[in-house]
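Along the sequence shown, the residues carry numbers beginning at 1. Whatever order the structure lists them in is the order used to number ligands and atoms, beginning at 1.
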Amino acid sequence: MTEDAGVGSLKGTVAVVTGGASPHGIGRATARLLVARGAHVVVGDVQDDAGQALEAELGHSLIYRHLDVSSEADWASLMDAVIDRFGNVTALVSCAGIALDGTIESTPMADHDRVIAIDQTGVWLGIRAVAPSMRSAGGGSIVNISSVAGAVGQPCLGSYSAAKWAVRGITRQAASELADSGIRVNTVLPGFIDTMMGGQGADQRESLRLNKGHSGATVPMGRIGEPEEVARLVAFLVSAESSYCTGADFVIDGGLLAGPLAEAADWG
Ligand code: NAP
């Protein structure tokens, strides 16, 4: 399970990955890749069975701890566990998230509050929790997972889109606050990715594979993305290969935000 210790090596990295237990999720693919590149990883999630199974598989380099990212007390316990097992944290990948359908008018306030608590406040609490440890370590890298929904309005995902826009703002704020502590903070904006969230249900997954996304949007590259493709971008941002990147957005969407693919025939 180890890759070449050269370019992109994460030997010596201690990473926290939230939302990293979900089978086929972006967080799990990221946790696996970070371990493969030499990092020690702590996965925090609410899917305890899946997380414990991952720990059993990768136990020397990865531990699982229950973490509700919207709970400050959970973050404090997680940090105690990480420091006790692996030492100071040098990377945080905030991947935990939920998406609930609804427009601004139709979303019940309890649903809105839940999405904001997990997708937005969870990212903010994560930065608060790890920053002192990263400072003690002499620096680190934080990667916050937003979405293409954080770059446009997303019909019927009102609270999710608002939270994902906020993640980009939190990233810029944290990048400016933490740069002089040697801590870089960046955002990743995935498009349609083949996970449970990206395509819930067999029909929708098939539809996405056939290049018909949510709301009829089409992907110029003609396919849905794989969690491992997002994981490679995250690993780059965690590693010293991205040493001059901070406060920035990194889109990984097969060209979705570039706009609809022009029909070649129309260009004569
Ligand atoms: P996923 O497979 O559903 O993974 C998300 C994980 O976060 C799940 O294990 C989920 O548990 C967990 N979680 C939910 N609430 C939590 C909480 N309060 N504390 C800790 N963990 C919690 O989703 P994914 O597709 O990999 O998404 C990962 C990230 O990428 C999310 O932030 C998502 O918004 C973003 N993203 C995904 C796509 C896509 O197409 N897949 C596109 C753009 C952005 P439960 O399953 O129990 O809720």
Legend entry - Candidate pair V16 and W75, rule side chain to side chain contact (heavy atoms under 4.5 Å, CB included), full reasoning: CA-CA 11 Å; V16 172; W75 273 107; 4.3 Å; yes

Legend entry - Worked check of side chain to side chain contact (heavy atoms under 4.5 Å, CB included) between L54 and V43: CA-CA 9 Å; L54 188 64; V43 166; 4.1 Å; yes

Legend entry - V14 vs N88, side chain to side chain contact (heavy atoms under 4.5 Å, CB included): CA-CA, chis, key distance, verdict: CA-CA 7 Å; V14 176; N88 278 316; over 6 Å; no

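Residue A21 places no heavy atom under 4.0 Å from ligand 1. Ligand 1 lies within reach of G191, whose nearest heavy atom is under 4.0 Å from it. By the 4.0 Å heavy-atom criterion, T18 is excluded from the residues contacting ligand 1. Residue contact check for ligand 1: S146 places a non-hydrogen atom closer than 4.0 Å to it.
Heavy-atom contacts of K164 reach the following atoms of ligand 1: 31 (C), 32 (O), 33 (C), 34 (O) (cutoff under 4.0 Å). Contact atoms of ligand 1 toward Y160: 33 (C), 34 (O), 35 (C), 36 (N), 43 (C), 44 (C) (distance under 4.0 Å to a heavy atom of the residue). Of all atoms in ligand 1, numbered sequentially from 1 with element shown, those under 4.0 Å from a heavy atom of A96 are 7 (O), 20 (C), 21 (N), 22 (C), 32 (O). Listed by number with element, the atoms of ligand 1 under 4.0 Å from a non-hydrogen atom of G19 are 6 (C), 7 (O). Taking a cut-off of under 4.0 Å to the non-hydrogen atoms of D68, the atoms of ligand 1 that pass are 17 (C), 18 (N), 19 (N). Counting the atoms of ligand 1 from 1 in the order shown, those under 4.0 Å from a heavy atom of L67 are 19 (N), 20 (C). Which parts of ligand 1 touch I145 is read off a 4.0 Å heavy-atom cut-off, strictly below it: atoms 29 (C), 30 (O), 35 (C). Heavy-atom proximity to I98, at under 4.0 Å, picks out these atoms of ligand 1: 14 (C), 15 (N).
A salt bridge is defined here as a Lys NZ or Arg NE, NH1 or NH2 lying under 4.0 Å from an Asp or Glu carboxylate O, and E177 with R172 fails to meet this definition. With respect to R32 and E57, a salt bridge is recorded, a charged nitrogen being found less than 4.0 Å from a carboxylate O.
Residues I170 and Q120 are in side-chain contact: their nearest non-hydrogen atoms beyond the backbone lie under 4.5 Å apart. For the pair L62 and V42, the minimum side-chain heavy-atom distance is 4.5 Å or more.
An N or O contact shorter than 3.5 Å links Q47 to ligand 1 by distance. Taking only nitrogen or oxygen atoms, main chain and side chain alike, S147 does not reach within less than 3.5 Å of ligand 1. Residue I193 has at least one nitrogen or oxygen atom sitting less than 3.5 Å from a nitrogen or oxygen atom of ligand 1, judged on distance alone. In terms of polar-atom proximity, G25 is not counted as a contact of ligand 1, lacking any N or O under 3.5 Å from an N or O of the ligand.
Within 6.0 Å of the CH2 atom in W165, the count of heavy atoms belonging to other residues, nucleotides or ligands exceeds 12. Remark: E241 CD is packed, more than 12 non-hydrogen atoms of other residues, nucleotides or ligands lying under 6.0 Å away.
Checking S106 against T103 by side-chain atom types alone, a donor-acceptor pair falls below 3.5 Å.
Under 4.0 angstrom from ligand 1, there are no non-hydrogen atoms of V148. Of all the heavy atoms of T195, the ones lying under 4.0 Å from any atom of ligand 1 belong exclusively to the side chain.
In this structure, F86 and H40 have parallel ring planes: the angle between them is below the 30° cut-off, well short of the 60° mark.
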